[in-house]
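Right, one structure below, let's go through it.
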Protein chains: 2
Amino acid sequence: MSPRMGLDMQGVVEAAVELADEKGMAEVTLASLAKKLGIRTPSLYNHVGGLEDLRKRMAFYGVNELYASLSEAVRGNSGEEGVKALAAAYVQFARERPGLYQAAQHAPDRQDDEMVKAYERVVNLVVTVMNHYGLEGDAKIHAVRGIRSILHGFTSLELTGGFGIPLDLDVSLRLAIDAYLAGISVMKDLAIKE
Amino acid sequence: MSPRMGLDMQGVVEAAVELADEKGMAEVTLASLAKKLGIRTPSLYNHVGGLEDLRKRMAFYGVNELYASLSEAVRGNSGEEGVKALAAAYVQFARERPGLYQAAQHAPDRQDDEMVKAYERVVNLVVTVMNHYGLEGDAKIHAVRGIRSILHGFTSLELTGGFGIPLDLDVSLRLAIDAYLAGISVMKDLAIKE
DNA sequence: TACTAAAACTAATGATATTAGTTTTGTGGA
DNA sequence: TCCACAAAACTAATATCATTAGTTTTAGTA
C-alpha cells in the first residue's frame with residue numbers, strides 16, 4: 001500500500017457521478033465536487049487531470065455501467081425478447097441514473113483505446129440481440145443504428161422533458177420498438193422474395 | 001428610432017449562434033461573444049439578461065429555424081413522401097447548423113409560453129405528416145413520439161460521433177424510417193383485422 | 001443646438017480552473 | 001519502535017468567466 005492512502009480516483013469519479021445524478025452534469029464542477037468530498041479543489045488534481053479528464057472518466061464509467069445493466073437484462077433472453085429486454089433496461093438505466101447517462105454521452109475520444117472498446121461493447125450487445133433477425137453485412141449495421149437511434153432519441157427526449165403530454169412513456173417506447181422490429185421483418189421478407 | 005441605435009438582441013443571438021455553429025455550444029461564452037462583436041462583455045447585458053437568457057433565446061431561435069426548414073421541406077409532400085422529406089430536412093438542418101441544433105436542445109421552459117408554442121409547432125408538423133397513417137388518439141401520439149425519437153436519436157448520435165463505421169449514414173436513416181413506417185402500417189392492419 | 005435615453009464603457013466582486021510550491025501524514029522498512 | 005518518504009492535502013497565486021454598479025459616450029429627437 002502506498003504511503004498515506006486517502007481518496008482514490010475511482011472514489012472521486014463515483015462522487016462526481018453522484019453529484020451528476022443529483023443535480024445534473026452542469027452542476028459538476030471541481031469546486032462542488034471538492035466540497036462534497038470535504039477537500040480543497042486543488043487536491044483533486046492528485047486523482048484526476050482536471051475537469052476535462054474527470055468528464056472523460058465519468059463517461060467511461062457510465063458506458064461501462066450501462067453495459068453491465070444491459071448485458072444483465074439481456075442474459076438468457078434471445079431474439080425479440082432480447083431486444084425488448086434491452087430497450088426496457090436502457091430507459092430504466094437512464095431514469096435511475098440520469099446524470100450518469102448524460103455523462104456517458106460525452107463525445108468518445110477515438111484515440112482513447114479503452115474508451116473505444118467500452119463503447120464497442122455496448123454496440124456489440126445491440127448487434128448480438130439483433131442477430132435474431134438474420135440480417136447480414138451492411139443491413140445488420142443499418143438495423144443496429146436504427147435501434148440505437150430509437151433508444152438514445154427516446155431517452156434523451158424523455159430526460160430533457162421533450163414529451164409534454166402525460167401519456168404513458170413506457171407504452172410509447174414499446175410500440176416504437178415493436179413497429180421498428182415488425183418493419184425490419186417485413187422488409188427482410190420482401191427482399192428475399194425479390 | 002431610439003437614441004444611439006447599436007446592436008440589437010436579434011443580432012446578438014445570431015452572432016452567438018454563428019459561434020455555436022463554428023465551435024460548438026461549449027465555446028459560446030459571454031466573453032467570446034463580446035469579442036466577436038467587438039464590444040466589452042458587460043455591454044451584452046444591454047441586449048440579453050445573461051448567459052442563461054442567451055441560451056434560452058438561442059434555443060427559441062433554433063426551434064423556429066428548424067420549423068422553417070422542416071415546413072419548407074414538407075410543403076406539397078404528403079403521406080409517406082412527407083415523412084421522408086421531413087426526415088431528410090431534419091438531418092440536413094443538424095448537419096448544416098450543428099451548433100444551432102445543439103442550442104435548440106436546451107430543455108424547454110414550460111412556463112415560457114412563446115417557447116412552448118414554438119416547440120409545439122415543430123411537433124405538430126410531425127403530427128401532420130403522420131396523419132396519413134390514419135392513426136387516432138393515443139396511437140397517433142405514440143407514433144409521433146417514435147418518429148421524433150428516431151430523428152433526434154440519429155441526429156444526436158451522428159453529431160457526437162457515435163457512429164464509428166464509415167457506412168453511408170443517409171442510407172441508415174432512410175432504412176430506419178422505412179422500417180418504422182412499414183411496421184406501423186402492418187401493426188395497424190393487424191389491429192383492424194382483430 | 002441641446003436634451004435624453006440607450007449603448008457602451010470602466011471598475012469591482014465572486015466563482016471557477018489550474019499551476020507552483022509547501023506541509024502533513026500514513027505506511028513500510030531500518 | 002522509530003524514521004524516511006511518497007502520496008495526499010494544503011496554501012498562495014494567476015487567469016478566465018459572469019455579473020453588478022455606476023460612469024461616459026453618442027445618435028436621434030425635440
Side-chain angles (χ1 to χ4, degrees), chain A residues 1-62 99 102-103 105-107 109 112, chain B residues 1-62 99 102-103 105-107 109 112:
Chain A
M1 222 175 196
S2 42
R4 200 178 176 190
M5 208 42 202
L7 283 171
D8 65 344
M9 201 200 67
Q10 195 59 20
V12 169
V13 171
E14 283 171 15
V17 165
E18 269 186 47
L19 255 183
D21 281 334
E22 289 163 9
K23 308 186 179 176
M25 272 299 280
E27 300 294 318
V28 178
T29 63
L30 293 184
S32 66
L33 178 56
K35 179 176 280 186
K36 180 184 174 80
L37 291 167
I39 61 176
R40 302 308 184 103
T41 304
S43 304
L44 286 171
Y45 286 81
N46 287 315
H47 309 290
V48 295
L51 185 58
E52 181 54 29
D53 180 61
L54 174 68
R55 288 180 178 150
K56 275 189 195 175
R57 293 181 191 282
M58 290 173 78
F60 183 68
Y61 181 75
Q102 210 185 339
Q105 302 312 314
H106 191 277
D109 179 359
D112 183 343
Chain B
M1 220 175 198
S2 40
R4 199 177 179 194
M5 207 44 203
L7 283 172
D8 65 343
M9 202 200 67
Q10 194 59 21
V12 169
V13 172
E14 283 171 15
V17 166
E18 268 186 48
L19 253 182
D21 281 334
E22 289 163 11
K23 307 184 178 177
M25 272 299 280
E27 300 292 320
V28 178
T29 63
L30 293 185
S32 65
L33 178 56
K35 180 176 280 187
K36 180 184 175 78
L37 291 168
I39 60 176
R40 301 308 182 106
T41 305
S43 304
L44 286 171
Y45 286 81
N46 287 316
H47 308 290
V48 295
L51 185 58
E52 181 54 28
D53 179 60
L54 174 68
R55 287 179 179 151
K56 275 189 195 174
R57 294 181 190 281
M58 291 173 76
F60 183 67
Y61 180 76
Q102 209 185 341
Q105 302 311 312
H106 191 277
D109 179 358
D112 182 344

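Every chain is numbered from 1 and lettered A, B, ... according to where its sequence line falls, protein lines coming before strand lines. Only this structure's heavy atoms are used, side chains among them; waters, hydrogens and symmetry mates stay out. A quick note: this is a predicted structure, and the numbers were derived from the prediction, not measured.
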B:D21 side-chain N/O to B:G99 backbone N/O, donor-acceptor pair under 3.5 Å: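 Yes, the answer is positive, given that a donor and an acceptor are paired below the 3.5 Å cut-off.
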Name all residues meeting the side-chain hydrogen bond (donor to acceptor under 3.5 Å, both in side chains) criterion together with A:D8; count only those two or more places apart in sequence or in a different chain, and write none if there are none.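 Scan of A:D8 (side-chain hydrogen bond (donor to acceptor under 3.5 Å, both in side chains), adjacent residues dropped) gives none.
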Specify the residues of residues 21-33 of chain A, ordered by number, for which at least one heavy atom lies under 4.0 angstrom from an atom of DNA chain C.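 A:T29, A:L30, A:A31 - these, ordered by number, are the residues of the stretch whose heavy atoms sit under 4.0 Å from the strand.
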For residues 37-60 of chain A, which residues have at least one heavy atom under 4.0 Å from DNA chain C?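 Result for residues 37-60 of chain A: A:T41, A:P42, A:Y45, A:G50, A:L51, sorted by number.
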With rounding to the nearest 0.5 angstrom, report the [atom1] to [atom2] distance, [X] to [Y].
X     : Y      : atom1 : atom2 : result
B:N46 : B:M9   : CG    : CE    : 13.5 Å
A:M25 : A:Q102 : CE    : CD    : 6.5 Å
A:M58 : A:L51  : CE    : CG    : 9.5 Å
A:L54 : A:L33  : CG    : CG    : 6.0 Å

Which heavy atom of [X] sits nearest to which heavy atom of [Y], and what is that distance?
X     : Y      : answer
B:A59 : B:A103 : CB-O, 3.3 Å
A:R57 : A:V48  : CD-CG1, 4.2 Å
B:L44 : B:L37  : CD2-CD1, 3.9 Å

Please report the distance, rounded to the nearest Å, between NZ in A:K35 and C1' in C:dT16.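 The answer, rounded to whole Å, is 13 Å.
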Any residue of residues 9-19 of chain A with a heavy atom less than 4.0 Å from an atom of DNA chain D: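 Here the set is empty: none.
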Would you mind checking if B:D109 and B:K56 are paired as a salt bridge, meaning a charged N to carboxylate O distance below 4.0 Å?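 Result for this pair is yes, salt bridge flagged.
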With side-chain hydrogen bond (donor to acceptor under 3.5 Å, both in side chains) as the rule and sequence neighbours excluded, what pairs involving residues 24-41 of chain A come up?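 For residues 24-41 of chain A, and leaving out neighbouring residues, the side-chain hydrogen bond (donor to acceptor under 3.5 Å, both in side chains) pairs sorted by first residue read A:E18-A:K36, A:T29-A:S32.
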Any chance you could lay out the side-chain contact (heavy atoms from CB on, under 4.5 Å) test for A:F60 and A:H106, step after step, and finish with the verdict? CA-CA 9 Å; A:F60 183 68; A:H106 191 277; over 6 Å; no
Pairs under 3.5 angstrom, nitrogen or oxygen only, protein versus nucleotides 22-26 of chain C, please.
from   : atom 1 : to   : atom 2 : distance (Å)
C:dT24 : O2     : A:R4 : NH1    : 2.7
C:dT25 : O4'    : A:R4 : NE     : 3.4

